[in-house]
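Shown next, in structure tokens, is the structure this report addresses.
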There are 2 protein chains.
Amino acid sequence: MFNKETEYALRGLIYIKLQNLKERRPGTSEVAKEIEAPPFFIAKILQRLVRFGFLKSLKGKGGGFFFDPDKPDIPIIKLISATEGNRSFSGCSFGLKQCDSNNPCPLHEKYVPIKEALNKLITEETIQSLAEKVYKEGLSLIEVMK
Amino acid sequence: MFNKETEYALRGLIYIKLQNLKERRPGTSEVAKEIEAPPFFIAKILQRLVRFGFLKSLKGKGGGFFFDPDKPDIPIIKLISATEGNRSFSGCSFGLKQCDSNNPCPLHEKYVPIKEALNKLITEETIQSLAEKVYKEGLSLIEVMK
DNA sequence: TTATTAAAAGACAAAAAGGTCTTTTGGTAA
DNA sequence: TTACCAAAAGACCTTTTTGTCTTTTAATAA
Ligand code: FES
Ligand code: FES
């Protein structure tokens with residue numbers, strides 16, 4: 001569905017948001033551990049997210065990552081655009097250069113509604129809304145033994 | 001959506017099916033040209049499809065690729081399993097090791113219906129049904145200038 | 001039976017994705 | 001003001017995906 005970078009970014013951002021609510025600013029190694037991502041890789045990904053303006057960071061003792069409380073919520077479509085380019089479900093499932101009802105592929109008719117549902121999902125849900133869901137419903141960001 | 005190999009395989013198989021209906025057996029270079037795929041790459045892909053049993057082939061003069069008329073239609077989920085492994089939309093969008101309603105990710109609830117629609121699509125449609133659609137509706141397998 | 005044709009096989013290579021590590025820079029706190 | 005800490009930057013590596021090419025094998029037709 002999404003690539004690894006997007007998955008780690010999603011889980012990482014949600015973890016950071018959750019910690020921010022507890023007045024904490026987690027660092028790269030904590031995030032890596034808690035979302036089960038490769039430590040150096042998540043470090044690089046979080047750096048990129050800061051450069052993109054999704055996150056803020058502080059160096060040195062007590063440093064770490066946090067959300068700017070003044071900024072609006074981040075729809076995950078924005079995250080996906082940043083991590084994988086804006087291909088976000090606009091393309092043709094069949095490989096045509098563009099998905100166009102004037103030149104549809106044989107999957108077009110049935111695929112378009114699915115694409116629209118996906119686009120709706122990633123437009124409506126935000127990092128913050130997902131974090132809230134995790135918090136309220138006690139969900140896990142990693143595999144859990146039952 | 002799908003990877004390149006799957007896309008080329010899909011378009012290639014449909015093109016071959018369409019030609020078979022006209023009592024023709026296209027070869028690799030014809031298929032490559034008609035679906036706008038890299039010639040050596042589609043050659044390799046078609047070879048694999050023959051090994052998987054999706055297609056038959058004949059060497060030498062008048063040779064080429066064709067479907068065994070005695071075999072049942074091929075649902076595209078089978079093609080996808082062959083080209084990309086059976087990950088076919090069973091996984092978690094969030095990157096959890098498995099998509100499980102007992103340990104759902106925050107996207108689970110809204111993602112599951114989409115996944116089901118996708119699975120329905122790729123289970124119901126076959127190479128043959130798509131070829132028929134292309135034939136009946138005069139669709140194009142490549143980009144078209146209008 | 002020989003020339004020709006076209007797929008099969010498999011080595012090779014470029015590009016992208018995924019991941020690791022070291023060095024530098026900018027903060028914090030004692 | 002120094003010692004330490006943690007992110008930033010960027011080089012480097014591995015694996016997977018995508019693509020190319022050469023050689024071999026098998027079929028056909030003259
Ligand atoms: S043209 Fe292929 S999905 Fe729309
Ligand atoms: S658990 Fe993530 S999609 Fe089902």
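Throughout, protein chains are lettered first and strands after them, A, B, ... in sequence-line order, and every chain is numbered starting at 1.
The nearest whole Å value for the distance from the CZ atom in B/F2 to the P atom in D/dT18 is 13 Å. The NZ-C1' distance, from B/K56 to C/dA8, rounds to 16 Å in whole Å. Atom P of nucleotide D/dT18 and atom CG of B/N3 are separated by 5 Å, given to the nearest angstrom. For the pair B/Q47 CD and C/dA8 P, the computed distance is 5 Å after rounding to whole Å. Distance, B/I42 CD1 to D/dC21 C1': 17 Å, rounded to whole Å. Atom-to-atom, CG of A/L55 to C1' of D/dA8 comes out at 14 Å; the value is rounded to the nearest Å. The interatomic distance linking A/I35 (CD1) with C/dG19 (P) rounds to 12 Å, in whole Å.
Comparing A/K61 and A/L46 by the nucleotide of DNA chain D whose heavy atom lies nearest to each, the residue mapping closer to the 5' end is A/K61. Closest-nucleotide positions on DNA chain D for A/G27 and B/L58 were compared, and the one nearer the 5' end corresponds to A/G27. Taking for each of A/P38 and A/K59 the nucleotide of DNA chain C with the nearest heavy atom, the 5'-most of the two is the partner of A/P38. Nearest-nucleotide mapping onto DNA chain C: of A/K4 and A/F40, the residue sitting toward the 5' end is A/K4.
For the pair B/L18 and B/Y135, the minimum side-chain heavy-atom distance is below 4.5 Å.
Salt bridge status for B/E34 with B/R11: absent, with no side-chain N to carboxylate O gap under 4.0 Å.
Nucleic acid contact class of B/S29 (heavy atoms, under 4.0 Å, all strands): none.
For the pair A/K78 and A/F54, the cation-pi test (distance below 6.0 Å, angle within 45°) is failed.
B/N3 contributes a side-chain N or O that, together with a main-chain N or O of B/T6, makes up a donor-acceptor pair within less than 3.5 Å.
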